[in-house]
Amino acid sequence: MKIETVPEQKTTIQVIERMVALLDALAKYPDPVSLKELSKVSGLHPSTAHRILNDMVLTRFVDRIEPGTYRLGMRLLELGNVVKSRLSVREAALDFMRALHKKTQQTINLSVRQGDEIVYIDRAFSERSGMQVVRAIGGRGPLHLTSTGKLFLSVDEPKAIRAYATRTGLAGHNKNSITDLTKLERELSLVRSRGYARDNEELELGVRCMAAGIHDDSGKLIAGLSISAPADRLQDDWLEDLVTTANQISATLGYIPVE
């Protein structure tokens, strides 16, 4: 089994590079691994690998299961949980949002669900987008009238969708708004099959949006990334970049798609 090496950049301290090589090697195996195998995969001399592994056992980065076999230690999980607790979706998304805005020159929105609405928590835009920002950061929109809102409704159970319709009355904002439960259910079925959602001037006349989901490390949908543009300017060519960007943000949060 061959380890994929990352470096173009080398660490300045050789022992750290060797520690990482051993940790990467251990991560490739679901079961405890022998010193001989770790030495072969990492490219380290057995005596060097043994010495470093012993130090990592003392610091709980590695567990010694029985003489000569090793696996990743619980301290890595503890530190990983600390990182996870400190990483917000906004922090993870910001650079990716700016890059997508630079490529499309359109407004990029980051939104989360709160009850029966979405809340805009960040945005990348410029005057060159050619569109007034219709919802400021902190602004809200109904789930059934927004592209990100439809993403969240699409993962709800049918009973929950019907309950939402009853609570809200599926109130519309204009002639394009979906205000009928049967039409909404058909729309949500399309969202599930496509993997993205659209708002065709349903919230604001003259503005169209499309959104892709952002997932956390447990696979839960936690946010939506959307492109808003004047209705005559939104391009389907942007869909691939939108979905790719949402997936990159999800990966930063630890999400691994199920194959």
So NZ of K36 and OG1 of T69: to nearest 0.5 Å the spacing works out to 15.0 Å
To the nearest 0.5 angstrom, please state how far the CG atom of L145 sits from the CD1 atom of I178. 8.0 Å
Please round to the nearest 0.5 Å and tell me the distance separating atom CG of D63 and atom CG of L53. 11.5 Å
Is I16 reachable from L26 through a run of hydrophobic residues whose side-chain heavy atoms are each under 4.5 Å from the next? yes
Has the side chain of E240 got a donor or acceptor atom that lies under 3.5 Å from a matching backbone atom of D237? no
May I ask you to test the L110-R123 pair for a side-chain heavy-atom distance under 4.5 Å? no
Indicate every side-chain donor-acceptor pair of residues 188-195 with a distance under 3.5 Å to a residue at least two apart or in another chain.
from : atom 1 : to   : atom 2 : distance (Å)
R192 : NE     : S154 : O      : 2.7
S193 : OG     : S189 : O      : 3.4
S193 : OG     : L190 : O      : 2.9

Verdict with reasoning, F152 to L221, per side chain to side chain contact (heavy atoms under 4.5 Å, CB included): CA-CA 7 Å; F152 280 104; L221 177 67; 3.6 Å; yes
According to the ring pair (Phe, Tyr, Trp, His ring centres under 6.0 Å) rule, which pairs have a member within residues 227-247, sequence neighbours left out? none
Drop me the distance from D24's CG to S42's OG, to the nearest 0.5 angstrom. 10.0 Å
Do R233 and Q106 touch side chain to side chain, with heavy atoms closer than 4.5 Å? yes
Mind checking the OG1-CG spacing from T245 to D95? Nearest 0.5 Å is all I need. 12.0 Å
Taking V207 as the starting point, is it possible to reach L205 by hopping between hydrophobic residues whose side chains are less than 4.5 Å apart? no
Within-4.5 Å side-chain heavy-atom neighbours: T168 and P142: no
Minimum heavy-atom separation for L35 to P46, with atom names? CD1-O, 4.0 Å
Which residues pass the side chain to side chain donor-acceptor pair (under 3.5 Å) test with R162, not counting sequence neighbours? none
Scan I65, V62, D31 and name whichever one has a side chain to side chain contact (heavy atoms under 4.5 Å, CB included) with R71. I65
Could you name each residue pair satisfying ring pair (Phe, Tyr, Trp, His ring centres under 6.0 Å) that touches residues 43-70, not counting sequence neighbours? none
Is any side-chain heavy atom of N109 closer than 4.5 Å to a side-chain heavy atom of T107? yes
Hydrophobic cluster partners of L94 (side-chain heavy atoms under 4.5 Å): none
Heavy atoms of A246 and L225 approach each other most closely as N-CD2, 3.9 Å
Does the side chain of N200 reach to within under 4.5 Å of the side chain of N176, using non-hydrogen atoms? no
Should V89 and V243 be counted in the same cluster of Ile, Leu, Val, Met, Phe, Trp and Tyr side chains packed under 4.5 Å apart? no
If the condition is side chain to side chain contact (heavy atoms under 4.5 Å, CB included), which residues does L58 pass it with, not counting sequence neighbours? D55
Qualifying residues under salt bridge (Lys or Arg N to Asp or Glu O under 4.0 Å), relative to R64, sequence neighbours excluded: none
Answer yes or no: is there an ion pair linking D236 with R198, defined by an N-O contact shorter than 4.0 Å? yes
Which residues share a side chain to side chain donor-acceptor pair (under 3.5 Å) with R75, sequence neighbours left out: none
Please name the pair of heavy atoms, one in T148 and one in S111, separated by the smallest distance, quoted to 0.1 Å. CG2-CB, 3.9 Å
Locate the shortest heavy-atom distance separating A165 from L181; write the atom from each residue and the value. CB-CD1, 3.9 Å
Carefully, step by step, assess K175 and E201 under the rule salt bridge (Lys or Arg N to Asp or Glu O under 4.0 Å). CA-CA 9 Å; K175 61 185 177 66; E201 300 185 71; over 6 Å; no
Please test S218 against D216 for side chain to side chain donor-acceptor pair (under 3.5 Å), starting from the C-alpha separation and ending with a verdict. CA-CA 5 Å; S218 70; D216 66 11; 2.7 Å; yes
Determine, stepwise, if the pair K28 / V41 fulfils side chain to side chain contact (heavy atoms under 4.5 Å, CB included). CA-CA 10 Å; K28 297 289 182 180; V41 171; 5.8 Å; no
How close do L253 and S88 get, counting heavy atoms only, and between which atoms? CD2-O, 4.4 Å
Counting C-beta onward and ignoring hydrogens, is there a side-chain heavy-atom pair between Y164 and L143 closer than 4.5 Å? yes
Using distance alone, with no hydrogens and no angle criterion, decide if D199 and T146 have a side-chain donor and acceptor under 3.5 Å apart. no
Quick one: CG on L203 to NE2 on H144, what's the gap to the nearest 0.5 Å? 9.5 Å
Would you say R18 and T48 make side-chain contact, with heavy atoms under 4.5 Å? yes
Sequence neighbours excluded - side-chain hydrogen bond (donor to acceptor under 3.5 Å, both in side chains) pairs with any residue from residues 177-187: K150-E187
Contact summary for V112 and A223, nearest pair of heavy atoms: CG1-CB, 4.0 Å
Does either side chain, that of D241 or that of T104, offer a donor lying less than 3.5 Å from an acceptor on the other one? no
Once ring pair (Phe, Tyr, Trp, His ring centres under 6.0 Å) is applied, what residue pairs with a partner in residues 178-229 remain, sequence neighbours excluded? H215-Y255
Which Ile, Leu, Val, Met, Phe, Trp or Tyr residues join M74 in one cluster when any pair of side-chain heavy atoms under 4.5 Å counts as a link? L77
Applying the 4.5 Å side-chain criterion to the ILVMFWY set and letting contacts propagate, would F96 and I121 be lumped into a single cluster? yes
Test of understanding: with side chain to side chain donor-acceptor pair (under 3.5 Å), list the residues that count as partners of N247, not counting sequence neighbours. none
Taking the side chain as every heavy atom from C-beta outward, state whether L23 and L76 have any pair of such atoms under 4.5 Å apart. yes
